[in-house]
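Everything below concerns the one structure shown next.
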2 protein chains.
Amino acid sequence: MTTEEHDSGTAPWSKPRGTAFLLSQVGAHAAARFAERVGALGVAPSDVGLLRMIAMRPGRSQQSLAGELGVVPSRVVTLVDGLERKGLVERRRNPQDRRNYALYLTEEGSRVMAGMREVGTAHENDICAALDEAQREQLAALLEAVAVQQGLTPGVHPGYRR
Amino acid sequence: MTTEEHDSGTAPWSKPRGTAFLLSQVGAHAAARFAERVGALGVAPSDVGLLRMIAMRPGRSQQSLAGELGVVPSRVVTLVDGLERKGLVERRRNPQDRRNYALYLTEEGSRVMAGMREVGTAHENDICAALDEAQREQLAALLEAVAVQQGLTPGVHPGYRR
DNA sequence: TATTGTTATACTCTATAACTATA
DNA sequence: TATAGTTATAGAGTATAACAATA
């Protein structure tokens, strides 16, 4: 991915040798490594998805983010507070309806987003180092099939879901 | 797996469409589903790995578990406290060296372990529902290759690692 | 002194519910 | 009344460090 996983919280495990266990194990590992990488840019994995969503559709409200991510609005407050404090995101009042905010990336926010694309590439190459190009595509295709069948929303990490 | 993942804690995400992101996304989903299933048996995903390790090598000390899981000893205290309170694990003093405990599953603990094997099978079939047998093996082989190259310990979920 | 396990404490993440301002 | 956002609070999970018992 260009930006992606995170860490987890609880502990998932542990029967030695099943496809589902391997998925969880390797997935958690990839998330942890991604967290290390983006951490060097000063953001948490949970910030990454938010930044990306704001970058793709500037002017979004906090409610729309909460809805799409599947988290409670108060959590978005906390996340946006952090991004605003770091100077990556800006809250602008909407003169038409002053109840909601329109969210935008700052210049610094855009710079960080660009950095995250590099991080994503490096991360992808790191995690897939054992596989050649054909195998990577094969793996992606199999994972995609599982993701679709399981009803996962493209680009939305379950780490957000309530 | 026979028993496996868990939930996570933080948020990992979110670049739309990379193999590494898919791994994290599907892995976290598998972990969350596994947590739901074992939750019905009254245990948390973090309990599962511990129970399994005790079942495979009865009489182990808490220190040895901490070392293998890569967690701090005080966390093992908390986990074993919970399992003991639920009547799944027993602490026995070692008369030779009364500093450490030897851990054993109770009968109820063994029953739960048996239940977890069924849970693992159901979970595996659920997660891999989109794939036929050949594809499942293909996916497992690719994941195994990644796991080995990334230095993951077989059967040990990164959710424990400090 | 070194080792095993425990306790006390604190920190992070996240949800719930009550609240403010605006509509 | 209804909606966007905020605050206050609480709970889960986990780490650190000091501690007790035993060796």
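Everything numeric in this text was worked out from a predicted model, so none of it was measured. Order of the sequence lines fixes the chain letters, A, B, ..., with proteins taken first and strands second; residue numbering starts at 1 for each chain.
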Please report the distance, rounded to the nearest Å, between [atom1] in [X] and [atom2] in [N].
| X | N | atom1 | atom2 | value |
| --- | --- | --- | --- | --- |
| Leu69(A) | dA15(C) | CG | P | 11 Å |
| Gln63(B) | dT4(C) | CD | C1' | 5 Å |
| Arg60(B) | dG5(C) | CZ | P | 11 Å |
| Arg161(A) | dT14(C) | CZ | P | 14 Å |
| Arg93(B) | dG5(C) | CZ | P | 8 Å |
| Tyr101(A) | dT3(D) | OH | C1' | 15 Å |
| Arg75(B) | dA17(D) | CZ | P | 18 Å |
| Glu68(A) | dA4(D) | CD | C1' | 18 Å |

- Message: How bent is the helix from dT1(C)-dA23(D) to dA23(C)-dT1(D), measuring the angle between the end axes built from five pairs each, rounded to 10°?
- Response: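 Inter-axis angle at the ends, rounded: 30°.
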- Are Leu41(B) and Leu51(B) connected in a single hydrophobic cluster, I mean Ile/Leu/Val/Met/Phe/Trp/Tyr linked by side-chain heavy atoms less than 4.5 Å apart?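 Linked within one cluster.
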Which atoms of nucleotides 17-23 of chain C (N or O only) lie under 3.5 Å from a protein N or O atom, and what are those distances?
from	atom 1	to	atom 2	distance (Å)
dT22(C)	OP1	Arg98(A)	NH2	3.1
dA23(C)	OP1	Arg98(A)	N	2.8

- Query: Base, sugar-phosphate, or nothing for Ser61(B), non-hydrogen atoms under 4.0 angstrom?
  - Reply: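 Sugar-phosphate: the residue Ser61(B), judged by heavy atoms under 4.0 Å, touches backbone atoms but no base.
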- Message: Does Arg91(A) reach a base, just sugar-phosphate, or nothing at all? Heavy atoms under 4.0 Å.
- Response: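 Contact class for Arg91(A): sugar-phosphate only.
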- Query: Between Met113(A) and Val48(A), is a side chain to side chain contact (heavy atoms under 4.5 Å, CB included) present by the stated rule, with each step listed?
  - Reply: CA-CA 8 Å; Met113(A) 273 303 292; Val48(A) 178; 5.9 Å; no
Residue pair [X] / [Y], side-chain donor-acceptor N/O under 3.5 Å:
| X | Y | answer |
| --- | --- | --- |
| Arg93(B) | Tyr101(B) | yes |
| Arg136(A) | Asn125(A) | yes |
| Gln25(A) | His157(B) | no |

- Hey, are the side chains of Leu152(B) and Val146(B) touching, using non-hydrogen atoms and a 4.5 Å cut-off?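 Heavy-atom side-chain distance check fails, nothing below 4.5 Å.
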- Does some side-chain heavy atom of Leu69(B) sit less than 4.5 Å from a side-chain heavy atom of Leu50(B)?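 Sidechains of Leu69(B) and Leu50(B): in contact.
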- Query: Of the nucleotides dA15(C), dG5(D), dT16(D), which has the atom closest to the Val72(A) side chain?
  - Reply: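 Within the option list, the nearest is dA15(C).
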- Are the charged groups of Lys86(A) and Glu84(A) less than 4.0 angstrom apart, N to O?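 Looking at Lys86(A) and Glu84(A), the cut-off is not met.
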- salt_bridge(Asp47(A), Arg52(A)) N-O dist < 4.0 Å: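 So Asp47(A) does not pair with Arg52(A) through a salt bridge.
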- Task: Tell me, with the steps shown, if Arg91(A) and Asp81(A) meet salt bridge (charged side-chain N to carboxylate O under 4.0 Å, His left out).
- Result: CA-CA 10 Å; Arg91(A) 279 172 164 117; Asp81(A) 279 351; 3.0 Å; yes
- Message: Treating Glu124(A) as the side-chain partner and Thr19(B) as the backbone partner, does any N or O pair qualify as donor plus acceptor under 3.5 Å?
- Response: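 Judged by distance alone, yes, a pair lies under 3.5 Å.
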Find every protein N or O atom lying less than 3.5 Å from an N or O atom of nucleotides 10-12 of chain D, and list the pairs.
none

